[in-house]
Amino acid sequence: MRQMISVASALATAMALGVCTHPNAVTAASAPPAAPVKGEQHAMTQPSIIPWPTSATVNVSERFQITKSTIIEVSPGQPDLQRIAKSIADLVAPALEASLTVREGTGAAASGVIRLEVTGGSPQGDEGYQLTVSPTGIRIVSSTPAGVFYGAQTLRQLLPWSIEYRGPRPFDVFVPSAQISDKPRFGWRGAFLDVSRHFFSVDEVKRYIDLVAMYKFNRLHLHLSDDQGWRVQIDSWPNLTTHGGSTEVKDGPGGFYTKAQYAELVAYARDRFILVVPEIDMPSHSNAAQASYPELNCNGIAPPLYTGIDVGFSNFCVDKEITFKFLDDVLGELAAMTPGPYLHIGGDEVKKMTPAQYAAFMERAQGIVAKHGKTVIAWDEIIHSKLLPSTVIQYWRPDASMAPPPGTKLILSPANKIYLDMKYDDNAVLGQNWAGNVDVGVPYGWDPATHLKVPESDIMGIETAIWSETPDNIRDLEFMLFPRIAEVAEVAWTAQPARHWDDFRARLGGQARRWSALGINAYWSPKIDWQR
Ligand code: NGO
């Protein structure tokens with residue numbers, strides 16, 4: 001109750017001042033029009049920034065106008081900043097019917113400048129930033145280019161929603177005055193995509209990357225192998241893709257990424273400050289590989305390809321040396337193609353091995369990853385084997401209560417909270433519900449610190465997941481993602497005491513036109529007052 005009163009009084013004060021502070025105040029100004037109109041002035045009238053920053057004051061009665069002559073100035077010698085500058089220029093280009101000039105500079109210019117700056121020793125830490133909008137210009141400062149990128153994502157949400165239309169619809173672009181200082185709660189803000197059960201093309205994965213990058217996610221975990229399909233080229237075992245990549249759930253054609261395509265995805269993600277974490281699931285979830293090579297089976301016989309959605313029936317043969325030669329080859333090639341420090345080796349849902357066989361397998365697999373210079377991540381079942389000190393455990397089971405050894409680094413993905421392949425409600429057509437429905441509001445209501453009895457410093461962060469037994473194209477993925485991805489973004493980024501459902505709910509409603517302009521196939525949950 002005290003919380004509600006303080007929210008209400010902060011709101012009343014802010015409205016009286018025409019100033020929006022957190023909790024996010026909605027000004028009395030009228031809503032933006034339904035579509036941008038030539039010559040019309042567009043300014044954001046309701047700040048609906050997600051995830052909410054550490055501290056933010058937005059004053060919609062004062063504003064900066066971005067015009068054709070606005071210059072984007074970046075710190076010298078920073079190619080990443082040039083790229084961020086270009087993305088801002090591209091965003092406003094249709095509205096301005098002009099491409100803004102990007103140039104290097106030292107910040108001496110007086111006004112009419114959007115300045116992107118990397119300086120040493122920012123108090124916000126590595127991914128933090130400061131964003132200032134005044135009537136004379138815009139400035140984003142961070143100690144890293146990643147921080148500037150996150151500042152640019154916040155700036156994007158201060159721009160009018162109509163900026164997201166790509167067509168030639170000229171209008172004047174205004175940004176409200178703002179003072180924002182921000183940094184994330186967690187360094188691991190993961191988005192997981194299963195490309196095995198259904199395959200998603202390079203363009204679909206790029207769209208997925210674009211959508212999560214807007215909300216400051218910084219990890220893309222790709223589930224590249226499972227019973228239903230092997231999805232990445234491995235030169236030393238070519239049948240994995242030619243045979244093992246030819247199926248998916250039901251009767252779809254499957255597919256796989258060539259090494260060049262994988263590199264393209266890694267670079268695309270990197271340009272948006274997202275690290276790719278590849279997963280080869282083992283010792284179970286391995287039917288596609290076993291179907292491709294008889295020698296990986298204990299009986300020497302390749303099983304047929306599989307297009308159902310059962311789990312736990314397959315596993316590599318722990319008693320054969322060829323299994324570990326296979327892993328060494330596969331993980332070696334994958335390590336060489338992956339610039340990031342992590343390889344995920346699955347380890348989940350093994351039903352046909354003894355505990356001793358499982359432990360022996362996972363121990364050797366960890367050693368192989370380490371030999372190739374990478375850090376292991378595995379699903380929480382790995383806790384039943386001996387861990388390397390560096391191994392990271394990803395908790396996914398709602399009931400996985402077994403505590404990790406003290407100091408073990410953790411990623412939290414509880415299925416009943418942040419698996420976005422779970423149905424919204426009983427009426428949903430897409431999704432599964434083995435972990436219960438995950439309706440709008442469920443991810444937001446979760447505090448990662450309460451999940452296990454471990455210090456928060458052991459939690460690297462959280463990772464939301466979309467498994468693809470039911471979604472089979474990007475429209476389906478968008479439907480599962482939006483609006484819940486915005487909830488997860490705020491759980492991952494915003495400090496717990498600054499999170500309030502009613503406040504978030506209002507800001508979420510304020511994202512609707514932006515999503516529509518971006519062509520996102522969102523689920524317009526009746527729980528939210530969408531401003532459409
Ligand atoms: C589980 C299982 C996956 C399923 C998914 C569906 C993990 C780590 N293993 O999560 O094979 O696809 O649930 O929600």
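Ligands are counted one by one from 1 in listed order, and the atoms in each one are counted from 1 as well.
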* Phe199 ring center near Tyr257 ring center (under 6.0 Å) -> yes
* **For atom 3 (C) of ligand 1, the option (of Phe192, Tyr395, Trp467) bearing the nearest heavy atom** => Trp467
* Please state which protein non-hydrogen atom is closest to atom 10 (O) of ligand 1 and give its distance, to 0.1 Å? -> Tyr419 OH, 2.8 Å
* **Heavy-atom side-chain contact between Arg505 and Tyr444 under 4.5 Å** => no
* For Met422, take its heavy atoms, then give the atoms of ligand 1 lying under 4.0 Å from any of them. => 14 (O)
* Structure fact -> Among non-hydrogen protein atoms, atom 1 (C) of ligand 1 lies closest to Trp396 CZ3, 3.3 Å
* **Any N or O of Glu469 closer than 3.5 Å to N or O of ligand 1** => yes
* To do: Within a distance under 4.0 Å of any heavy atom of Trp434, pick out the atoms of ligand 1 and give their elements.
  => 6 (C), 13 (O), 14 (O)
* Is the distance between the ring centroids of Tyr523 and Tyr424 less than 6.0 Å? -> yes
* Asked: Among protein heavy atoms, which lies nearest atom 11 (O) of ligand 1, and at what distance?
  -> Arg197 NH2, 2.9 Å
* Reference residue Ile393; test side-chain contact (heavy atoms from CB on, under 4.5 Å); the match among Leu452, Val376, Ile377, Leu387 -> Leu387
* So, do His223 and Trp379 have ring centers that fall under 6.0 Å from each other? -> no
* Considering only heavy atoms of Glu349, which atoms of ligand 1 have at least one such atom less than 4.0 Å away? -> 2 (C), 3 (C), 9 (N), 11 (O)
* **Ring-ring centroid check Tyr342 Trp188, cutoff 6.0 Å** => yes
* To do: May I ask you to say whether Arg499 pairs ionically with Glu487, meaning some side-chain N is under 4.0 Å from a carboxylate O?
  => no
* From Asp421, Ile466, Asp348, Asp227 - option closest to atom 9 (N) of ligand 1 by heavy atom -> Asp348
